[in-house]
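One structure below.
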Amino acid sequence: MSSKLLSIALTILVLFSASSVHANLITGDVYLDAAGERWEYVTLFDLVGNNNPKAESSPHWSIAKPVNGLEAAAYFLDGNTSNYALSAFSSTFDMTTISTGANIVNHLAWYDGNLGAISRLAENIVADANGDNQYNNKQDFSAWIDDRAVSGDYINYIFKKVANVPEPSTLIIFAIALCGLSARRFKALASK
C-alpha cells in the first residue's frame with residue numbers, strides 16, 4: 001500500500017512541477033524592444049536626485065564622472081551592462097498605462113550635457129568624450145548627475161533581458177512516462 005501512495009505522490013509532484021515550470025520564469029512585467037527581444041521591467045532611476053535603487057543622491061557636476069545610461073543601471077544593480085536595456089520617455093510618462101508585452105523598450109536614456117541641454121540619447125553612448133573621468137568637456141554627457149535637471153522630470157526605466165528558456169517538453173515526456181509506469185504498476189497489482 002505504501003508503494004502505491006509513494007507512486008501517486010511522485011506522479012502528482014512531477015505533474016505539478018511540469019505545470020508550474022513556465023509560470024515562474026518571469027517575475028516582473030515583460031515588454032519588447034523593436035527587435036522583438038523580451039525585457040523584464042526591473043526598476044528606475046532619475047537623472048538627478050536620489051530616486052534610484054540605492055537611494056543615493058546624484059553626484060554634483062563639479063565632481064561627477066560622466067556615465068552613460070547602461071553604466072548607471074549597472075552601478076545601481078549588479079555591475080554588468082550587458083544584462084540591461086533602458087527606456088526614456090517624457091516626464092509625464094506613466095508605466096501603468098501600458099500593457100504587458102507592449103513594444104516600449106526604446107534603448108534611450110536621459111542625459112544632461114556639460115554645455116548642452118537635457119537630451120534623450122542612446123543608452124550606450126560614450127559619455128566621457130576625452131576619457132578623463134571628469135564632467136568637464138563640452139561633449140561630456142551623464143545619465144546620473146546633478147547639473148541642470150529637476151528631480152522627477154527625467155526618469156530612466158531599467159529592463160533586464162529575459163533568458164530564452166526552451167519549452168519544458170523533456171519534463172512533460174518524463175511525466176507521461178512516469179504516469180504510464182505507475183498505471184502499469186497499478187494494473188499489475190489490481191490483477192493479483
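Just so you know, these numbers come straight off a predicted model, no measurement behind them.
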Audit row: Val105, His107, side chain to side chain contact (heavy atoms under 4.5 Å, CB included) steps and yes/no: CA-CA 6 Å; Val105 181; His107 298 279; 4.1 Å; yes

Taking every non-hydrogen atom, the tightest pair across [X] and [Y]:
X: Ala73; Y: Phe45; result: N-CE2, 4.2 Å
X: Ala149; Y: Val48; result: O-CG1, 3.6 Å
X: Ser82; Y: Asn80; result: OG-OD1, 2.7 Å
X: Ala117; Y: Ser119; result: O-OG, 3.3 Å
X: Thr43; Y: Pro53; result: CG2-CG, 3.5 Å
X: Val67; Y: Ala72; result: CG2-CB, 4.2 Å

When rounded to the nearest 0.5 angstrom, what distance separates [atom1] in [X] from [atom2] in [Y]?
X: Ser87; Y: Asn106; atom1: OG; atom2: CG; result: 4.0 Å
X: Asn124; Y: Thr81; atom1: CG; atom2: OG1; result: 9.0 Å
X: Asp132; Y: Lys65; atom1: CG; atom2: NZ; result: 11.0 Å
X: Leu121; Y: Asn68; atom1: CG; atom2: CG; result: 10.5 Å
X: Asn50; Y: Ser151; atom1: CG; atom2: OG; result: 7.0 Å
X: Leu47; Y: Asn52; atom1: CG; atom2: CG; result: 11.5 Å

Taking [Y] as the starting point, is it possible to reach [X] by hopping between hydrophobic residues whose side chains are less than 4.5 Å apart?
X: Val42; Y: Leu70; value: yes
X: Ile158; Y: Tyr75; value: yes
X: Ile145; Y: Ile125; value: no
X: Phe159; Y: Phe89; value: yes

Run Trp144 and Glu56 through side chain to side chain contact (heavy atoms under 4.5 Å, CB included) and show every step you take. CA-CA 11 Å; Trp144 186 53; Glu56 291 181 10; 3.8 Å; yes

With sequence neighbours excluded, tell me which residues meet ring pair (Phe, Tyr, Trp, His ring centres under 6.0 Å) with Tyr84.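 Partners of Tyr84 under the ring pair (Phe, Tyr, Trp, His ring centres under 6.0 Å) test: none.
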
Taking only residues two or more places apart in sequence or in another chain, which ones pass ring pair (Phe, Tyr, Trp, His ring centres under 6.0 Å) with Tyr111?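 Scan of Tyr111 (ring pair (Phe, Tyr, Trp, His ring centres under 6.0 Å), adjacent residues dropped) gives none.
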
Test item: side-chain donor near acceptor, Asp33 and Trp39, under 3.5 Å: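 Indeed, the side chains of Asp33 and Trp39 share at least one donor-acceptor pair under 3.5 Å.
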
Which residues satisfy the salt bridge (charged side-chain N to carboxylate O under 4.0 Å, His left out) test with Glu37, sequence neighbours excluded?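 With neighbours one apart ignored, the set is Lys161.
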
Does the side chain to side chain contact (heavy atoms under 4.5 Å, CB included) test come out yes or no for Leu108 and Leu86, once each step is laid out? CA-CA 6 Å; Leu108 298 175; Leu86 297 176; over 6 Å; no

Pairwise side-chain contact, Asn51 with Leu44, heavy-atom cut-off 4.5 Å (strictly under):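 Of all side-chain heavy-atom pairs linking Leu44 with Asn51, at least one is under 4.5 Å.
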
Residue pairs involving residues 106-127 (criterion salt bridge (Lys or Arg N to Asp or Glu O under 4.0 Å); sequence neighbours excluded):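 Passing the test, one end in residues 106-127: Asp112-Arg148.
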
With salt bridge (Lys or Arg N to Asp or Glu O under 4.0 Å) as the rule and sequence neighbours excluded, what pairs involving residues 67-82 come up?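 Of all non-adjacent pairs touching residues 67-82, none passes salt bridge (Lys or Arg N to Asp or Glu O under 4.0 Å).
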
Apply side chain to side chain contact (heavy atoms under 4.5 Å, CB included) to residues Ile118 and Trp110 and explain how you reach the verdict. CA-CA 7 Å; Ile118 297 166; Trp110 285 110; 3.8 Å; yes

Output all residues satisfying side-chain hydrogen bond (donor to acceptor under 3.5 Å, both in side chains) with Asp147, sequence neighbours left out; order by chain, then residue number.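 Residues passing side-chain hydrogen bond (donor to acceptor under 3.5 Å, both in side chains) with Asp147: Tyr135.
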
Count the heavy atoms belonging to other residues, nucleotides or ligands that lie under 6.0 Å from NZ of Lys138, then report whether that count exceeds 12.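 Not buried by this count: 12 neighbours or fewer within 6.0 Å.
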
